[in-house]
**Q** 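Sharing a structure here in C-alpha cells format.
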Amino acid sequence: MPIVKYPRAAEPLWHEWDEKAQKCGLRHTVYAVNGDQYTGEWLDNLKHGKGTQIWKHSGAIYSGDWKFGMRDGHGSYSVPDPVTKEYRKVYTGWWRNDKQCGYGAMFYPSGERYEGEWSDGLRSGWGRMCYEDGSIYEGQWLADQPGGQGMLCLPNNDRYEGGWKDGMKHGPGKFFYLDKGQLFEGVWVADVPKCGTMIDFGRNEAPAPPQYPIPKIGLADPDGVLAEAQAMFDGSQN
C-alpha cells in the first residue's frame, strides 16, 4: 500500500510577525517564562531602542533606552511601594551597560536624595547628597563615597570645607562653627582633626558664642625672629 505524504501545516502567522518584529526594530511585547514583560523595539532578537521592562517578581519598571539587550542611554527605574503599592521613582538619568553612568538622580526609601555623576553604578565625580538628618554634602565622589574636595553642611548650618577620603574628612580643611562664631583650620586624618588653629569668626553675629573670645596669638619681636631665621639659613649655606 503506497505511503501518502501530507504537506506540513504552515507555521502560524504570529511566528513570522514575531520574528520580523524582533529583527526589524518594530515595537513588540514579549513575555518571559518567569512572567517578566518587555514592550519596545528590538534588533537581532535583543532589546534595542526605546522600551519598557516590567519584572514580575519585584514589580519594578524600567522605561527608556536599550542597547543590545542592556539599559543604555537615558531612562527611569521605579519600584512599587510595599504599603501603598504606588510606584516610587528610584533612579532617573543615564545608563551604560545596564548600570548607572553619567548624570542622574537617585531617590532612597529613607527620603535621602543624590543628584550628580555616576560611573559603573557608583556615585563618582561631582554630586550633591541630601541626607535624612538634613545634612547636605556637595563635592567630589569616588567609589560611592565622598572623596576629593567637598563641603558638608550640617542641620545647624555648621559646615566643613576641605579634603575627603573614603567618606571621611581627610587632609587640609576648615570647619566653621557658625553657632559659636569660630573657625578651625587644620589637617584631618580619617575624620579626626590632628592639628590646626581656632579663631573667632563672626563672633558678634553668632547665636551662641563662647563667654570669652579667643585671645590673639602673635610674636613679640617678629623682626628679631626673622633675623634669627635668616642668620641660621645663611650659616647653613656656608
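Values reported hereafter were calculated over all heavy atoms of this structure, with side chains retained and with hydrogens, waters and symmetry mates removed.
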**Q** Any idea which heavy atoms bring Trp95 and Gln100 closest together, and the distance?
**A**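 Scanning both residues, the minimum pair turns out to be CE3-N, 3.9 Å.
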
**Q** Here's one to test your reading of the geometry: is the NZ or CZ of Arg123 within 45 degrees of the ring axis of Tyr114 and under 6.0 Å from its centre?
**A**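 Here Arg123 passes the 6.0 Å and 45° test against Tyr114.
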
**Q** If you look at every heavy atom in Phe107 and Lys89, which pair is closest and at what distance?
**A**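 Shortest heavy-atom contact: CB-O, 3.4 Å.
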
**Q** Is any side-chain heavy atom of Lys165 closer than 4.5 Å to a side-chain heavy atom of Pro146?
**A**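 A side-chain contact under 4.5 Å is absent here.
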
**Q** Evaluate Glu161 against Arg159 for salt bridge (charged side-chain N to carboxylate O under 4.0 Å, His left out), listing each step before the verdict.
**A** CA-CA 7 Å; Glu161 300 176 2; Arg159 71 178 187 270; 2.7 Å; yes

**Q** Go through Arg96 and Asp72 one step at a time and tell me if the salt bridge (charged side-chain N to carboxylate O under 4.0 Å, His left out) criterion holds.
**A** CA-CA 4 Å; Arg96 181 181 297 169; Asp72 201 301; 5.5 Å; no

**Q** Taking 4.0 angstrom as the limit, do Asp65 and Lys50 come out as a salt bridge?
**A**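 Yes, Asp65 and Lys50 are salt-bridged.
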
**Q** Specify whether Trp164 and Tyr137 have parallel, tilted or perpendicular ring planes, treating 30° as the upper limit for parallel and 60° as the lower limit for perpendicular.
**A**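 Perpendicular.
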
**Q** How far apart are the C-alpha atoms of Lys169 and Asp191, what are their side-chain angles, what is the distance that settles it, and do they pass the salt bridge (charged side-chain N to carboxylate O under 4.0 Å, His left out) test?
**A** CA-CA 4 Å; Lys169 306 176 191 70; Asp191 237 14; 3.4 Å; yes

**Q** Would you check if His48 and Glu41 make a side-chain contact, meaning some heavy-atom pair closer than 4.5 Å?
**A**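 The answer is no; the side chains never approach within 4.5 Å.
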
**Q** Under the ring-ring contact (aromatic ring centres under 6.0 Å, His included) test against Tyr160, which residue among Phe184, Trp188, Phe176 passes?
**A**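 Between Tyr160 and the candidates, ring-ring contact (aromatic ring centres under 6.0 Å, His included) is satisfied uniquely by Trp188.
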
**Q** Spell out, yes or no, whether Leu154 and Met198 are grouped together once hydrophobic residues are joined by side-chain heavy atoms under 4.5 Å, including indirect joins.
**A**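 Hydrophobic grouping puts Leu154 with Met198.
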
**Q** Indicate yes or no for a side-chain donor-acceptor contact from Asp44 to the backbone of Leu46 under 3.5 Å, with no hydrogens or angles considered.
**A**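 Not a single qualifying donor-acceptor pair exists.
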
**Q** Yes or no on salt bridge (charged side-chain N to carboxylate O under 4.0 Å, His left out) for Lys99 and Asp120, after CA distance, side-chain angles and deciding distance?
**A** CA-CA 6 Å; Lys99 295 180 179 180; Asp120 201 27; 3.4 Å; yes

**Q** Among Trp118, Tyr103, Tyr62, exactly one meets ring-ring contact (aromatic ring centres under 6.0 Å, His included) together with Tyr91. Which residue is that?
**A**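 Among Trp118, Tyr103, Tyr62, the one meeting ring-ring contact (aromatic ring centres under 6.0 Å, His included) with Tyr91 is Trp118.
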
**Q** Is there a donor-acceptor contact under 3.5 Å linking the side chains of Thr39 and Thr29?
**A**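 A pair is found: one side chain offers a donor N or O, the other an acceptor, under 3.5 Å apart.
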
**Q** Is there a path of hydrophobic side-chain contacts, each under 4.5 Å between heavy atoms of I, L, V, M, F, W or Y residues, that connects Phe175 with Leu178?
**A**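 No, Phe175 does not connect to Leu178 through the hydrophobic network.
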
**Q** State plainly whether the residues Lys56 and Asp36 are in salt-bridge range, i.e. N to O under 4.0 Å.
**A**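 Asp36 and Lys56: not salt-bridged.
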
**Q** Find out whether Ile136 and Met129 are in side-chain contact, i.e. whether some heavy atom of one side chain is under 4.5 Å from a heavy atom of the other.
**A**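 They are not in contact (no side-chain heavy atoms under 4.5 Å apart), so the answer is no.
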
**Q** Taking it one step at a time, do Ile199 and Gln182 satisfy side-chain contact (heavy atoms from CB on, under 4.5 Å)?
**A** CA-CA 6 Å; Ile199 63 173; Gln182 294 179 333; over 6 Å; no

**Q** Kindly indicate whether the side chain of Tyr31, heavy atoms from C-beta on, has any atom under 4.5 Å from the side chain of Tyr38.
**A**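 No, too far: nothing below the 4.5 Å cut-off.
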
**Q** Is any side-chain heavy atom of Ser124 closer than 4.5 Å to one of Glu117?
**A**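 No, their side chains stay 4.5 Å or more apart.
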
**Q** Looking at side-chain heavy atoms only, is the closest gap between Pro80 and Glu86 below 4.5 Å?
**A**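 Not in contact.
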
**Q** Check whether any side-chain heavy atom of Trp141 sits under 4.5 Å from a side-chain heavy atom of Trp126, and report yes or no.
**A**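 Contact flag for Trp141/Trp126 side chains = no.
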
**Q** So, for Pro155 and Gly134, which heavy atoms are closest and what is the spacing to 0.1 Å?
**A**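 Looking at all heavy atoms of both residues, the shortest contact is CG-C, 4.1 Å.
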
**Q** Would you say Cys195 and Val187 make side-chain contact, with heavy atoms under 4.5 Å?
**A**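 Cys195 vs Val187: side chains touch.
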
**Q** More than 12 heavy atoms of other residues, nucleotides or ligands under 6.0 Å from OH of Tyr87: yes or no?
**A**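 Yes - once you tally the heavy atoms of other residues, nucleotides and ligands closer than 6.0 Å, there are more than 12.
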
**Q** Given ring pair (Phe, Tyr, Trp, His ring centres under 6.0 Å), test Trp94 with His74 step by step and report yes or no.
**A** CA-CA 4 Å; Trp94 292 92; His74 192 274; 5.1 Å; yes

**Q** Give the minimum heavy-atom separation between Trp66 and Arg71, together with the two atoms involved.
**A**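 Where Trp66 meets Arg71 most closely, the heavy atoms are CE3-N, 3.8 Å.
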
**Q** Between Ser63 and Thr52, what is the shortest heavy-atom contact and its length?
**A**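 Smallest heavy-atom distance, with atoms named: OG-OG1, 3.2 Å.
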
**Q** Mark yes or no for whether Glu112, through its side chain, and Glu132, through its backbone, hold a donor-acceptor pair below 3.5 Å.
**A**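 The answer is yes, because a donor-acceptor pair under 3.5 Å joins these two groups.
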
**Q** So which heavy atom on Trp42 is nearest to which on Lys47, and how close?
**A**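 So the minimum-distance heavy-atom pair works out to CE3-N, 3.8 Å.
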
**Q** Any side-chain to backbone donor/acceptor pair from His170 onto Ala190? Under 3.5 Å, distance only.
**A**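 Present.
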
